[in-house]
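Small disclaimer: the values here were computed from a predicted structure and weren't measured. First the proteins, then the strands, lettered A, B, ... as listed; each starts at 1.
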Amino acid sequence: MFWSVVVRSSSSRRSIGFVNQIVPCFFGVSRTIYSSSSRSCLASNGGGGGDGVDNGFRAFEDYLNESWKSCNFDEEIELKTTWRSQNSTFQQKQNVSSRSSFIDTVRNDANRVLEILRQDGPGFDTKAALDDLKLRLSGLLVRQVLLGILTSISFANKKRSAKLGFKFFVWSGQQENYSHTTNSYHLIMKIFAEAEEFKAMWRLLDEMIHKGYPTSARTFNLLICTCGEAGLAKKVIERFIKSKTFNYRPFKHCFNAILHSLVVLHHYKLIEWVYQQMLVEGHSPDILTYNILLCSKYRQGKLEQFHRLLDEMGQNGFSPDFHTYNLLLHVLGKGDKPLAALNLLNHMKEVSCDPTILHFTTLIDGLSRAGNLDACKYFFDEMIKQGCMPDVVCYTVMITGYVEAGEFHMAQEMFDEMISEGQLPNVFTYNSMIRGLCMAGKFEEACLMLKEMERRGCNPNFLVYSTLVSYLRNAGKLSQAHEIIKDMVEKGKYAHLVSKIKRYRRC
DNA sequence: CTAGGGTTAG
């Protein structure tokens with residue numbers, strides 16, 4: 001048994017008991033464990049890491065706001081491939097500049113379409129106007145238009161946005177030389193989701209299935225997010241389980257795909273139900289199923305069940321893998337069990353599953369949440385000794401840990417070190433540093449850091465502004481807070497969210 | 001390449 005080594009015990013029974021000791025400490029952590037159930041499901045579709053995007057693409061996407069990017073990774077990938085295939089036909093003789101000219105054309109066309117859609121209303125023939133544009137429709141153009149609508153959607157204009165989006169969707173679908181892709185459907189469904197036009201989404205799903213479009217995990221996510229009540233969610237799930245066109249790659253079967261989506265969306269209740277359905281239909285769990293279930297138990301803080309499941313997994317002949325170890329490190333980190341973690345890391349090496357930067361980051365993050373900064377520093381150094389070089393995420397985790405612990409000078413040291421090591425700070429890093437500066441009462445420097453990040457091409461997101469403004473307000477620096485808001489709104493960003501900036505209350 | 005590491009939300 002793998003954990004017997006972990007805890008230096010000869011019997012797996014006893015060692016599980018040992019691991020179970022984690023439970024009482026686990027709840028004593030200083031930061032909230034997980035309170036994600038209330039998070040807007042529309043804004044949390046996994047995805048997130050948008051750093052690996054090439055420059056041409058990034059330039060094209062610059063104006064998209066952060067929140068959209070973070071919920072839409074598969075469409076980004078789609079865009080890149082679309083772009084490549086469209087470019088490849090004339091790529092041979094043209095250099096990089098053709099890239100930007102193609103992108104410029106699409107962007108320009110999209111703006112013309114949006115301009116026409118804006119004029120939609122009585123006495124204006126939108127369809128005729130669109131026809132008059134004589135556009136060369138492409139998947140990219142359709143995407144660009146729908147994205148344009150999606151990013152400008154607000155509470156006040158959502159119904160109209162949905163109407164216009166759908167008008168364009170129908171119109172473009174009728175044009176020759178172009179047909180919709182699964183992703184165009186996803187975009188219009190996303191617009192309907194934002195507009196809370198859930199019935200329309202269901203009709204689109206019917207249409208997709210009717211026309212034989214493959215549905216994917218993204219389709220599933222879009223729909224499951226619209227289900228307020230569990231009953232409706234179960235219907236969606238049943239529908240996807242039965243569907244013949246459900247493309248559940250890269251998973252081996254649809255149950256794993258669904259379970260994975262649910263864990264990403266924090267629908268934990270349904271996870272149990274789907275797992276039962278899966279067993280009823282005669283599928284046995286594989287290592288992925290177990291890892292998803294473990295993740296769900298861990299995120300719900302159900303450590304008792306977590307360990308039972310781990311035990312069952314072992315009994316069914318599954319050895320923990322890369323992901324399982326990562327989950328165990330989550331548990332050990334947050335439970336402030338550095339010694340057990342050290343044993344686990346050694347065990348991983350013994351079974352030639354060498355810990356990676358991911359594992360160390362997980363552990364360090366957990367330990368920092370438990371307030372054990374010494375252990376964080378220990379594993380950070382240990383990691384480097386083992387030849388794992390810290391990256392942005394890892395540095396950011398360390399910085400955040402020090403900031404939360406009120407040791408700003410240590411955070412600053414880490415920040416300087418990461419820059420000298422050539423690691424580029426990102427929004428997460430700057431947000432932590434700005435929070436740290438505010439906590440240390442260095443408001444001038446905090447405001448300077450906002451300017452600094454912009455200068456270095458790192459776009460502040462709403463949370464960065466929110467952090468800074470809240471601290472300034474709380475410190476009674478109202479005029480400076482107002483300056484930041486003005487700055488934010490002048491850049492045309494997040495104006496509709498101004499009222500959402502949190503007011504920090506002392507307690 | 002992976003399913004896999006990081007912001008505050010009440």
Whole-Å gap separating [atom2] ([N]) and [atom1] ([X]):
{"X": "Asn221(A)", "N": "dA3(B)", "atom1": "CG", "atom2": "C1'", "value": "13 Å"}
{"X": "Leu437(A)", "N": "dT7(B)", "atom1": "CG", "atom2": "C1'", "value": "16 Å"}
{"X": "Leu463(A)", "N": "dA9(B)", "atom1": "CG", "atom2": "P", "value": "8 Å"}
{"X": "Arg299(A)", "N": "dA3(B)", "atom1": "CZ", "atom2": "P", "value": "15 Å"}
{"X": "Tyr402(A)", "N": "dG6(B)", "atom1": "OH", "atom2": "C1'", "value": "16 Å"}
{"X": "Tyr430(A)", "N": "dT8(B)", "atom1": "OH", "atom2": "P", "value": "18 Å"}
{"X": "Asn431(A)", "N": "dA9(B)", "atom1": "CG", "atom2": "P", "value": "11 Å"}
{"X": "Met439(A)", "N": "dT7(B)", "atom1": "CE", "atom2": "C1'", "value": "14 Å"}

Which part of the nucleic acid, if any, lies within contact of [X], taking any heavy atom under 4.0 Å across all strands shown: a base, the sugar-phosphate backbone alone, or nothing?
{"X": "Ile292(A)", "value": "nothing"}
{"X": "Asn326(A)", "value": "sugar-phosphate"}
{"X": "Cys295(A)", "value": "nothing"}
{"X": "Thr396(A)", "value": "base"}

| Steps toward side-chain hydrogen bond (donor to acceptor under 3.5 Å, both in side chains) verdict (Glu413(A), Tyr402(A)) | CA-CA 10 Å; Glu413(A) 236 169 66; Tyr402(A) 283 127; over 6 Å; no
| Do any N or O atoms from the side chain of His307(A) and from the backbone of Leu303(A) form a donor-acceptor pair under 3.5 angstrom? | yes
| query | Which residue pairs pass the ring-ring contact (aromatic ring centres under 6.0 Å, His included) test with at least one member in residues 356-378 of chain A, sequence neighbours excluded? | reply | Phe322(A)-His359(A)
| request: Apply side-chain hydrogen bond (donor to acceptor under 3.5 Å, both in side chains) to Asp321(A) and Thr324(A), showing your working. | output: CA-CA 5 Å; Asp321(A) 70 354; Thr324(A) 326; 2.8 Å; yes
| request: Might you work through the side-chain hydrogen bond (donor to acceptor under 3.5 Å, both in side chains) test for Gln412(A) and Asp416(A), ending with a clear yes or no? | output: CA-CA 6 Å; Gln412(A) 181 76 60; Asp416(A) 296 342; 3.2 Å; yes
By nearest atom, which of the nucleotides [options] is closest to the [X] side chain?
{"X": "Phe428(A)", "options": "dA3(B), dT7(B), dG5(B)", "answer": "dT7(B)"}
{"X": "Thr467(A)", "options": "dA3(B), dT7(B), dT8(B)", "answer": "dT8(B)"}
{"X": "His323(A)", "options": "dA3(B), dG5(B), dT7(B)", "answer": "dA3(B)"}
{"X": "Leu358(A)", "options": "dG5(B), dT8(B), dA3(B)", "answer": "dG5(B)"}
{"X": "Asp321(A)", "options": "dT8(B), dT7(B), dA3(B)", "answer": "dA3(B)"}

| message | Any side-chain N or O of Arg435(A) below 4.0 angstrom from OP1/OP2 of dT8(B)? | response | yes
| message | With a cut-off of less than 4.0 Å, is there a side-chain N or O of Arg369(A) near OP1 or OP2 of dT7(B)? | response | yes
| said: What verdict does the side chain to side chain contact (heavy atoms under 4.5 Å, CB included) test give for Val263(A) and Tyr268(A), after you've listed the backbone C-alpha separation in whole Å, the side-chain angles of each residue and the deciding distance to 0.1 Å? | reply: CA-CA 7 Å; Val263(A) 86; Tyr268(A) 303 116; 4.2 Å; yes
| Between the base of dG5(B) and the side chain of Thr362(A), is there any donor-acceptor pair under 3.5 Å? | no
| request: Mark this stacking check for His260(A) against dA3(B) as yes or no, applying ring centres under 5.5 Å and ring planes under 30°. | output: no
| request: Any chance you could measure Leu450(A), atom CG, to Met488(A), atom CE, to the nearest 0.5 Å? | output: 11.0 Å
| field | Same-atom distance (C1') from dA3(B) to dT7(B), integer angstrom | value | 22 Å
| field | Those residues of residues 240-256 of chain A lying under 4.0 Å from DNA chain B by at least one heavy atom | value | Pro250(A), Phe251(A)
| query | Would you call the rings of Phe240(A) and Phe220(A) parallel, tilted or perpendicular if under 30° counts as parallel and over 60° as perpendicular? | reply | perpendicular
